[in-house]
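These notes concern the structure reproduced below.
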Amino acid sequence: MAVRVQPEPFDLAGEVEMLRAGRTDLGAVVTFTGTVRDNSGGQRLVAMTLEHYPGMTEAELARVEAEAAARWPLAASLIVHRMGRLVPGDDIVLVVTASAHRAAAFEAADFLMDYLKTSAPFWKQEELADGTVNWVEAKASDEDAAGRWLGKPE
Amino acid sequence: MAVRVQPEPFDLAGEVEMLRAGRTDLGAVVTFTGTVRDNSGGQRLVAMTLEHYPGMTEAELARVEAEAAARWPLAASLIVHRMGRLVPGDDIVLVVTASAHRAAAFEAADFLMDYLKTSAPFWKQEELADGTVNWVEAKASDEDAAGRWLGKPE
Amino acid sequence: MTVTLRYFAWVREKVGRAEELLTVPPAVTTVEELMNWLKTQGPEYERAFERAAVIRAAIDQTHVKPGAAIAGAREIAFFPPVTGG
Amino acid sequence: MTVTLRYFAWVREKVGRAEELLTVPPAVTTVEELMNWLKTQGPEYERAFERAAVIRAAIDQTHVKPGAAIAGAREIAFFPPVTGG
């Protein structure tokens with residue numbers, strides 16, 4: 001179980017290898033990589049800058065990860081979130097979950113992404129091709145997605 | 001969209017890189033890696049041999065992948081399944097899905113794994129520590145999991 | 001009709017071969033009838049198809065149900081429920 | 001009480017600073033009251049907290065609701081709904 005916030009790119013294969021190293025009890029490893037898209041509401045996106053709340057971010061990510069570990073039989077998990085200025089095609093976030101069972105790995109990764117989106121203190125600012133710079137508005141659909149897990153018996 | 005059956009190990013990072021190469025329209029990439037566990041019903045597992053039906057396997061995997069592409073707005077997907085003798089810790093199967101949207105990538109990867117488990121003509125034979133060699137029985141839970149997707153409106 | 005039969009996993013082990021070309025009598029028209037007819041063709045088939053209810057079939061590399069017609073088939077495969085992934 | 005206030009994203013831009021140490025009058029006891037009081041402290045706060053209903057808060061790096069008591073807080077943060085991931 002680990003969380004990290006960093007401006008540097010992350011290495012998917014390296015992270016997964018470290019998490020799996022020497023283990024033969026894992027049956028399923030799920031990774032989610034969120035990346036910067038070149039399009040924002042029909043406008044061409046030039047760059048995206050991620051601001052965060054140092055200290056609180058790590059605490060929230062760790063809390064969300066602990067919650068997932070309590071709900072599912074996870075053998076290991078990892079959250080890496082980037083900050084700073086990113087361009088289309090760059091990675092933003094990596095979530096890795098490993099379990100003996102496939103359903104647990106899938107559901108926990110999905111859960112981590114939903115909660116990360118609604119509770120981790122990150123804010124995205126977009127630079128569009130027409131020169132506009134604006135803060136991304138939170139999506140109601142993210143709140144709805146996170147709501148799926150409320151009171152779910154596990 | 002691609003499917004492959006091979007005895008060789010696959011390279012998670014290389015596969016994901018190839019699938020993402022030059023693309024800036026992807027927002028979400030999900031990978032599922034299924035691996036050989038060291039345990040089978042409480043017994044220590046020494047090795048697992050995967051037999052398959054050449055030709056039909058590729059056709060089934062391609063059919064399952066096309067079905068996923070019809071249900072979700074997938075930008076790209078990949079299925080790689082290994083065959084032959086594998087030991088604990090070895091990879092068995094890789095599913096990668098990429099989409100502009102996170103829910104599509106997650107759901108499609110989950111769907112691909114469920115259908116792959118119930119329709120791709122692979123059979124696992126286990127060698128246990130006590131010398132027993134037996135064919136793995138299909139799990140009712142896999143049929144149930146695949147049943148989740150029946151008639152799902154998308 | 002003459003058709004290639006293929007066997008996988010424990011069906012293959014029990015039949016004792018992976019593949020064979022067989023001539024099936026005209027009265028045998030479905031997958032289920034083919035399994036029942038095979039059972040009469042020797043002790044190895046009898047053993048292999050003893051638990052016929054759990055055996056799955058494919059015609060020309062497509063999954064089919066026991067009631068499927070075998071007319072026109074080039075290749076018919078019998079195997080246990082799949083366990084890949 | 002004296003407390004560190006931190007602002008993020010457009011709240012930070014509108015207030016014009018990321019962090020400050022402020023002395024809050026004793027009558028101000030909740031996060032909501034603190035936002036209302038801040039609005040009276042100058043045009044930059046008035047602008048920043050104009051849409052107070054959409055602003056989220058954290059006390060000592062934990063999300064809180066508008067009704068949360070601020071007594072004992074070392075650090076209170078105000079920010080728009082989060083958009084990470």
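Just so it is clear: chains get the letters A, B, ... in the order the sequence lines come, proteins before strands, and each one is counted from 1. Keep in mind the model is a prediction, meaning the values are calculated, not measured.
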Query raised in the report: For B:V46 and B:V87, what are the C-alpha separation, side-chain angles and deciding distance, and is it a side-chain contact (heavy atoms from CB on, under 4.5 Å)?
Result: CA-CA 6 Å; B:V46 174; B:V87 297; over 6 Å; no

Report summary line: When every non-hydrogen atom of B:A104 is compared with those of B:L74, the smallest separation belongs to O-CD2, 4.1 Å

Query raised in the report: At a heavy-atom separation under 4.5 Å, does B:A100 approach chain A through its side chain, its backbone, both, or neither?
Result: both

**Report entry** Interface moiety of B:V16 toward chain A, non-hydrogen atoms closer than 4.5 Å
**Finding:** side chain

Requested in this report: For A:L94 and A:I79, run side-chain contact (heavy atoms from CB on, under 4.5 Å): C-alpha distance rounded to whole Å, both residues' side-chain angles, the deciding distance at 0.1 Å, then the answer.
Outcome: CA-CA 6 Å; A:L94 173 67; A:I79 303 174; over 6 Å; no

Query raised in the report: Can you say whether A:A109 sits under 4.5 Å from chain B via the side chain, the backbone, both, or neither, judging by heavy atoms?
Result: both

Query raised in the report: Looking at A:V29, A:I92, A:V30, A:V95, which one has more heavy-atom pairs under 4.5 Å with chain B than the rest?
Result: A:V29

Query raised in the report: chain A: which of B:G34, B:G27, B:A105 shares the most heavy-atom pairs with it under 4.5 Å?
Result: B:G27

Produce the donor-acceptor pair table for chain A versus chain B, cut-off under 3.5 Å.
from   : atom 1 : to     : atom 2 : distance (Å)
A:R20  : NH1    : B:D91  : OD1    : 2.7
A:R20  : NH2    : B:G89  : O      : 3.0
A:R20  : NH2    : B:D91  : OD1    : 2.7
A:T24  : O      : B:D38  : N      : 2.8
A:T24  : OG1    : B:D38  : OD2    : 2.6
A:L26  : O      : B:T35  : OG1    : 2.4
A:G27  : O      : B:T35  : N      : 2.9
A:V29  : N      : B:T33  : O      : 2.9
A:V29  : O      : B:T33  : N      : 2.8
A:T31  : N      : B:T31  : O      : 2.9
A:T31  : O      : B:T31  : N      : 2.9
A:T31  : OG1    : B:T31  : OG1    : 2.4
A:T33  : N      : B:V29  : O      : 2.8
A:T33  : O      : B:V29  : N      : 2.9
A:T35  : N      : B:G27  : O      : 2.9
A:T35  : OG1    : B:L26  : O      : 2.4
A:D38  : N      : B:T24  : O      : 2.8
A:D38  : OD2    : B:T24  : OG1    : 2.7
A:G89  : O      : B:R20  : NH2    : 3.0
A:D91  : OD1    : B:R20  : NH1    : 2.7
A:D91  : OD1    : B:R20  : NH2    : 2.7
A:R102 : NH1    : B:D142 : OD1    : 3.3
A:R102 : NH2    : B:D114 : OD1    : 2.4
A:D114 : OD1    : B:R102 : NH2    : 2.4
A:D142 : OD1    : B:R102 : NH1    : 3.3

Query raised in the report: Please walk me through it: do B:V93 and B:V80 pass side-chain contact (heavy atoms from CB on, under 4.5 Å)?
Result: CA-CA 6 Å; B:V93 62; B:V80 185; over 6 Å; no

Report task. Let me see the working for A:V5 and A:L61 under side-chain contact (heavy atoms from CB on, under 4.5 Å), right down to the final yes or no. Result -> CA-CA 9 Å; A:V5 181; A:L61 294 180; 4.2 Å; yes

Query raised in the report: Any chance the rings of A:F32 and B:F106 have centres within less than 6.0 Å?
Result: yes

